[in-house]
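The structure under discussion appears below in the form of structure tokens.
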Amino acid sequence: EPEVTQTPSHQVTQMGQEVILRCVPISNHLYFYWYRQILGQKVEFLVSFYNNEISEKSEIFDDQFSVERPDGSNFTLKIRSTKLEDSAMYFCASSGSSGRSYEQYFGPGTRLTVT
Amino acid sequence: GQSLEQPSEVTAVEGAIVQINCTYQTSGFYGLSWYQQHDGGAPTFLSYNALDGLEETGRFSSFLSRSDSYGYLLLQELQMKDSASYFCAVRDSGAGSYQLTFGKGTKLSVIP
């Protein structure tokens, strides 16, 4: 069964450093998302991406964040200058069509720890 | 904005039935989804309701009442492996809006 994959599974970085989180969505999906989940809290939307551009972004997704689809398979989230409060689990997700965006397939997540 | 309310914790006995409620207040509404998340795992899609009524998928059913801004997830014949957190999530009705807004989750503990 196709699945979303993410690398690395765990990233430790120092405050102020840049990190890039990588995702490979399901191959025939067209819509891509990043969410984050602070430990013990709810899943929060960051950004959605379609047709090589951002569709929507939340208030969390400020100028420190950027997304890119550098080739036909990868989808990346970059945090330019990490803060302690960026420590969270970051999930990539994809969905096949706009009509089925309620059914999003999530990757296993990258646990980001900022020290 | 969107807000969703669901109980924080529920405990039920193996083999029993449990209902997890979700009420929502949204500026726009397209449908209500349910996701399951085991500790340390990724959210997994369970069910979706766009219209009023009951949707059944095996042991899991989901219900929606749009007029009451209310839905629930019903889990039957509970198994130990059903111990997980369950999130309701709404999709906004705005054009080009595909994001899901999640509730805070209900932690279900299934006991023998």
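Bear in mind that the values here come from a model prediction, so they are computed numbers and not experimental data. Chain A is the first sequence line, chain B the second, and so forth, proteins listed ahead of strands; every chain is numbered from 1.
Linking ILVMFWY residues whenever their side-chain heavy atoms come closer than 4.5 Å, directly or via other members, places I54(A) and F32(A) in the same cluster. In terms of hydrophobic clustering, with Ile, Leu, Val, Met, Phe, Trp and Tyr side chains grouped at heavy-atom distances under 4.5 Å, F65(A) and V67(A) are assigned to a common cluster. V4(A) and Y33(A) fall into different hydrophobic clusters, where Ile, Leu, Val, Met, Phe, Trp and Tyr side chains are chained together by heavy-atom contacts under 4.5 Å. Taken together through direct or relayed side-chain contacts under 4.5 Å among Ile, Leu, Val, Met, Phe, Trp and Tyr, V90(B) and V47(A) form parts of separate hydrophobic clusters. Hydrophobic clustering, with ILVMFWY side chains joined whenever heavy atoms are under 4.5 angstrom apart, keeps F45(A) apart from F61(A).
Remark: L39(A) CG is loosely packed, at most 12 non-hydrogen atoms of other residues, nucleotides or ligands lying under 6.0 Å away. Counting non-hydrogen atoms of neighbouring residues, nucleotides and ligands closer than 6.0 angstrom, the CG atom of D62(A) exceeds 12 such neighbours. Counting heavy atoms of neighbouring residues, nucleotides and ligands inside a 6.0 Å radius, atom CD of Q19(B) exceeds 12 of them. Within a 6.0 Å sphere centred on CD of Q79(B), heavy atoms belonging to other residues, nucleotides or ligands number more than 12. For CD of E5(B), the number of neighbouring non-hydrogen atoms (other residues, nucleotides, ligands) closer than 6.0 Å is 12 at most. The environment of CG in D71(A) is crowded: more than 12 heavy-atom neighbours from other residues, nucleotides or ligands sit within 6.0 Å.
Ranked by heavy-atom pairs under 4.5 Å with chain B, the list E44(A), M89(A), Q41(A), E103(A) is led by E103(A). Highest contact tally toward chain A, considering only A89(B), G103(B), S85(B), G40(B), is held by G103(B) [criterion: heavy-atom pairs under 4.5 Å].
Contact of Q37(A) with chain B is made through the side chain alone, with heavy-atom distances under 4.5 Å. Neither the backbone nor the side chain of Y105(A) comes within contact range of chain B; no heavy atoms are under 4.5 Å apart. Of the atoms belonging to F91(A), it is side-chain heavy atoms, and not backbone ones, that fall under 4.5 Å from chain B.
Note that the CD atom of Q6(B) and the NZ atom of K42(A) stand 10.0 Å from one another [nearest 0.5 Å].
No donor-acceptor distance shorter than 3.5 angstrom exists from the side chain of Y102(A) to the backbone of Y30(B), with no hydrogens or angles considered. With hydrogens and angles disregarded, a donor-acceptor distance shorter than 3.5 Å links the side chain of E56(A) to the backbone of Q99(B).
Near-neighbour residues of residues 9-18 of chain A relative to chain B, defined by a heavy atom under 4.5 Å from a heavy atom of that chain, are none. Residues of residues 45-65 of chain B that come closer than 4.5 Å to chain A, counting heavy atoms only, are F45(B), Y48(B), ordered by residue number.
For P108(A) against A42(B), the heavy-atom pair with the smallest separation is CA-CB, 4.1 Å.
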